Peer 1: 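Just passing along the structure, written as structure tokens.
Because the structure is predicted, anything quoted here is derived from the model rather than measured. In what follows, chains are A, B, ... by sequence order, proteins preceding strands, each numbered from 1.
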Protein chains: 2
Amino acid sequence: MQIQHTPITVAIIEDDSMIRESYSYLIANSDGFEVVGAYKSYEEAAKNFLNIRPDVILLDVELPGINGIEALPKIKKLLPTVQILILTVYENNETVFDALSQGASGYLTKNTSSNKIIEAIKEVLEGGAPMSAGVARLVINSFQRNQNSPLSKRETEVLENVSLGKSRRRIADELFIDMETVKTHIKNIYQKLDVHSKADAIKTAKENKFI
Amino acid sequence: MQIQHTPITVAIIEDDSMIRESYSYLIANSDGFEVVGAYKSYEEAAKNFLNIRPDVILLDVELPGINGIEALPKIKKLLPTVQILILTVYENNETVFDALSQGASGYLTKNTSSNKIIEAIKEVLEGGAPMSAGVARLVINSFQRNQNSPLSKRETEVLENVSLGKSRRRIADELFIDMETVKTHIKNIYQKLDVHSKADAIKTAKENKFI
DNA sequence: TAGTATACCGCAAATTGATGTAATATTGTA
DNA sequence: TACAATATTACATCAATTTGCGGTATACTA
């Protein structure tokens, strides 16, 4: 790490004035940090972003006007290199994954302690991805496979290829087996999952994390 | 949080004796922790697991015999409730995602400081998912969508449905549009991505994180 | 011995990909 | 605010391919 010559500049978008001011105070009084803007909506922030160019933005999800998730891509377009940390009470699957897919680099819940917020800002600038414990678990769970899949290894492999849109002929070629064998595998997969089409097989398998 | 009446039991699987003993020492000397086993391979550990039943296992990836990733599902089968933390030098995409999909609850790199390891063990038992900064960024990056997709919102939606194996008719029904419109969207998607089949469209779109 | 992986046959129905045209809606920018 | 570029919607035709269902059967493996 190099010594920080210029302060880390932070902007805050949060509609609750109490919370907004409390974050401002916290960050402004931390060594090496500077608050360059605190806004109660995206619309208000957007007017000033191009002048202030913060390093990091703390972004709430619930906002008047367009919400934090929808604001994410717009902010990224204005300031492509800015690191955005979501700071919210929402900890449900959908909000978390929407935020991450729209370009958030971290996700903290509002019970996060002051010093952890400061740590998170540093971490995100060092290439990390700070997350609250519950969010991290959500994210990791999304990768976990069901260990009790009824599908055999080969069947799983075939179904994964089906879910990539490949035809039976193509799957056969890529796995170096006969197309008839692929047909048999698919037949058996359908039976095991109790479905009668590609789409339903993929749906069931994804819902149960078989693929 | 409740007061911890019984110590947290930890097992270690790590082939390097220096590292293994250093972790043992660290954990054994932390308040509220007990090391109930330290092994240099999965095979050795498996013989004792059913007797010792640890709460948490620290697992290395590079091991003699079967490696840590392959050991994961076997451990989970023996001890379904154990929390497994990967502790390794590997920080590449494949190893991380394999570990997570096979059931690891956390992933730390070996430069993790002593007190962070202790923190991580506590965190994983509280339902968190401790990750090193670089790993967290890898994981989060895997969710990020490309903000410069050539596909329109509707086209993206259609292609996502195609990648779920749905037929054009079904997509049309679910999006409340005519099947002919779906055909047009697909035609335009193929043109934009310069492909000529479902499979190639999905491949290109996934590689570029358009879907 | 049950399950897995492989392969073959036949058939009707459905899907796909290519190539056109074109009206209306929305959006970004000048 | 008006204009141009996209986006979204819809229709028509066609041959080739794919899909799902019904069987059967052999060799390997845990």
Side-chain angles (χ1 to χ4, degrees), chain A residues 43 46-47 50 66 70 73-74 76-78 147-205 210-211, chain B residues 46 66 70 73-74 77-78 147-205 210-211:
Chain A
E43 289 81 352
K47 287 185 285 189
L50 291 176
I66 70 169
E70 288 163 24
K74 293 178 190 284
K76 279 280 179 183
K77 204 162 187 178
L78 290 172
Q147 306 290 318
N148 302 313
S149 172
L151 304 181
S152 73
K153 207 168 177 183
R154 196 57 148 177
E155 285 163 353
T156 305
E157 197 178 7
V158 168
L159 188 53
E160 262 160 5
N161 277 286
V162 170
S163 91
L164 294 175
K166 294 175 190 167
S167 71
R168 296 168 184 192
R169 178 161 307 285
R170 186 158 165 183
I171 294 171
D173 288 346
E174 291 182 14
L175 297 185
F176 304 108
I177 53 180
D178 197 284
M179 196 182 82
E180 291 297 332
T181 307
V182 175
K183 267 170 87 172
T184 305
H185 283 311
I186 290 175
K187 189 168 49 178
N188 293 332
I189 291 167
Y190 285 8
Q191 200 163 21
K192 285 184 178 179
L193 301 185
D194 189 28
V195 296
H196 307 276
S197 69
K198 264 196 305 183
D200 289 332
I202 293 169
K203 183 160 172 274
T204 300
F210 299 150
I211 60 168
Chain B
I66 73 169
E70 288 162 25
K74 294 176 190 284
K77 206 162 188 179
L78 290 173
Q147 306 291 316
N148 300 313
S149 173
L151 304 181
S152 74
K153 207 167 176 179
R154 198 56 151 176
E155 286 163 353
T156 305
E157 199 178 6
V158 168
L159 188 52
E160 261 159 4
N161 277 286
V162 170
S163 89
L164 295 175
K166 293 174 189 165
S167 70
R168 295 168 183 189
R169 178 161 309 283
R170 185 157 165 185
I171 294 171
D173 289 346
E174 291 182 14
L175 297 184
F176 303 107
I177 54 180
D178 197 284
M179 196 184 79
E180 292 297 332
T181 307
V182 176
K183 270 170 87 169
T184 305
H185 284 310
I186 290 175
K187 181 171 59 179
N188 293 332
I189 290 166
Y190 285 8
Q191 201 162 24
K192 286 182 177 179
L193 301 185
D194 189 28
V195 297
H196 306 278
S197 70
K198 266 197 302 184
D200 288 333
I202 293 168
K203 184 161 172 273
T204 300
F210 299 151
I211 60 168

Peer 1: Check this for me: does the side-chain of B/Arg168 come within 3.5 Å of the base of C/dG17 through a donor and an acceptor?
Peer 2: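 When only heavy-atom distances are counted, B/Arg168 does reach the base of C/dG17 through a donor-acceptor pair under 3.5 Å.
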Peer 1: Starting at CG of B/Asn188 and ending at P of C/dT21, how long is that distance when rounded to a whole Å?
Peer 2: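 The answer, rounded to whole Å, is 14 Å.
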Peer 1: Using side-chain heavy atoms (C-beta onward) and a distance below 4.5 Å, is A/Leu193 in contact with A/Leu151?
Peer 2: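 Side chain of A/Leu193 against side chain of A/Leu151, heavy atoms only: contact under 4.5 Å found.
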Peer 1: Using a 4.5 Å cut-off on heavy atoms from C-beta on, say whether the side chain of A/Ile186 contacts that of A/Leu159.
Peer 2: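 Heavy-atom side-chain distance check fails, nothing below 4.5 Å.
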Peer 1: Check this one for me: any side-chain N or O of B/Tyr190 less than 4.0 Å away from OP1 or OP2 of C/dG17?
Peer 2: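 Indeed, a polar side-chain atom of B/Tyr190 lies that close.
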Peer 1: Could you tell me which non-hydrogen atom of B/Ser197 sits nearest to which non-hydrogen atom of A/Arg170, and how far apart they are?
Peer 2: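 For B/Ser197 versus A/Arg170, the nearest heavy atoms are OG-NH1, 4.1 Å.
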Peer 1: From CD1 of B/Ile186 over to P of D/dT8, roughly how many Å is that when rounded to an integer?
Peer 2: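 To the nearest whole Å, that distance equals 14 Å.
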Peer 1: Distances under 3.5 Å between protein N/O atoms and the N/O atoms of nucleotides 22-30 of chain C, please, pair by pair.
Peer 2:
none

Peer 1: Would a 4.5 Å heavy-atom cut-off, applied to side chains only, mark A/Val158 and A/Ile189 as touching?
Peer 2: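 A side-chain contact under 4.5 Å exists here.
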Peer 1: Rounding to an integer number of Å, can you tell me how far A/Asp173 CG sits from C/dA7 P?
Peer 2: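 After rounding, the reported distance stands at 12 Å.
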Peer 1: How close or far is atom P of C/dA14 from atom CZ of B/Arg169, stated in whole angstroms?
Peer 2: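 Answer to the nearest Å: 9 Å.
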Peer 1: About how many Å separate NZ of B/Lys192 and NZ of B/Lys187, when rounded to the nearest 0.5 Å?
Peer 2: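 Spacing of NZ (B/Lys187) from NZ (B/Lys192) equals 13.0 Å.
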Peer 1: So, OP1 or OP2 of C/dT6: does either fall under 4.0 Å of a side-chain N or O from A/Arg154?
Peer 2: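 Answer is yes, contact under 4.0 Å.
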Peer 1: Rounded to whole Å, please give me the gap between NZ in A/Lys198 and P in D/dC21.
Peer 2: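 Answer to the nearest Å: 13 Å.
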Peer 1: Backbone N or O of A/Ser152 within a donor-acceptor pair of the A/Glu155 side chain at under 3.5 Å?
Peer 2: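 Yes, A/Glu155 side chain to A/Ser152 backbone: donor-acceptor pair under 3.5 Å.
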Peer 1: Below 3.5 Å is the cut-off: list the nitrogen or oxygen pairs between protein and nucleotides 13-17 of chain D, distance only.
Peer 2:
residue, atom, partner, partner atom, Å
D/dT13, O4, B/Lys183, NZ, 2.9

Peer 1: Regarding B/His196, tell me which of base, sugar-phosphate or nothing describes its non-hydrogen contacts under 4.0 Å with the strands shown.
Peer 2: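 The residue B/His196 makes sugar-phosphate contact but no base contact.
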Peer 1: Could you give all pairs that pass the side chain to side chain donor-acceptor pair (under 3.5 Å) test and reach residues 175-185 of chain A, with sequence neighbours left out?
Peer 2: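 Applying side chain to side chain donor-acceptor pair (under 3.5 Å) to every pair that reaches into residues 175-185 of chain A, excluding sequence neighbours, yields nothing.
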Peer 1: For a quick check of understanding: with a heavy-atom distance under 4.0 Å over all strands, which category does B/Lys187 fall into, base, sugar-phosphate or nothing?
Peer 2: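 The answer is base, as B/Lys187 lies within the cut-off (heavy atoms under 4.0 Å) of a base atom.
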Peer 1: Of B/Ala199 and A/Pro150, whose closest DNA chain C nucleotide lies nearer the 5' terminus?
Peer 2: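 Taking each residue's closest nucleotide, the earlier one in sequence belongs to A/Pro150.
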Peer 1: At their closest point, which heavy atom of B/Thr156 faces which heavy atom of B/Phe210, and how far apart are they?
Peer 2: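 Scanning both residues, the minimum pair turns out to be CG2-O, 3.5 Å.
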Peer 1: Can you tell whether the side chains of A/Glu157 and A/Lys153 come within less than 4.0 Å, N to carboxylate O?
Peer 2: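 A/Lys153 and A/Glu157: not salt-bridged.
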Peer 1: In whole angstrom, what separates A/Leu175's CG from C/dT6's C1'?
Peer 2: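 Computing the A/Leu175:CG to C/dT6:C1' distance gives 12 Å.
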Peer 1: Kindly indicate whether the side chain of B/Lys198, heavy atoms from C-beta on, has any atom under 4.5 Å from the side chain of A/Lys166.
Peer 2: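 Not in contact.
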Peer 1: Roughly, in whole Å, what's the span from NZ in B/Lys166 to C1' in C/dT15?
Peer 2: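 Checked: the NZ to C1' distance equals 17 Å.
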Peer 1: In this structure, how many angstroms lie between the P atom of D/dG20 and the CD atom of A/Gln191, rounded?
Peer 2: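 These atoms are roughly 15 Å apart.
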Peer 1: Any side-chain N or O of A/Thr181 under 4.0 Å from OP1/OP2 of C/dA7?
Peer 2: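 True: A/Thr181 side-chain N/O within range (under 4.0 Å) of C/dA7 OP1/OP2.
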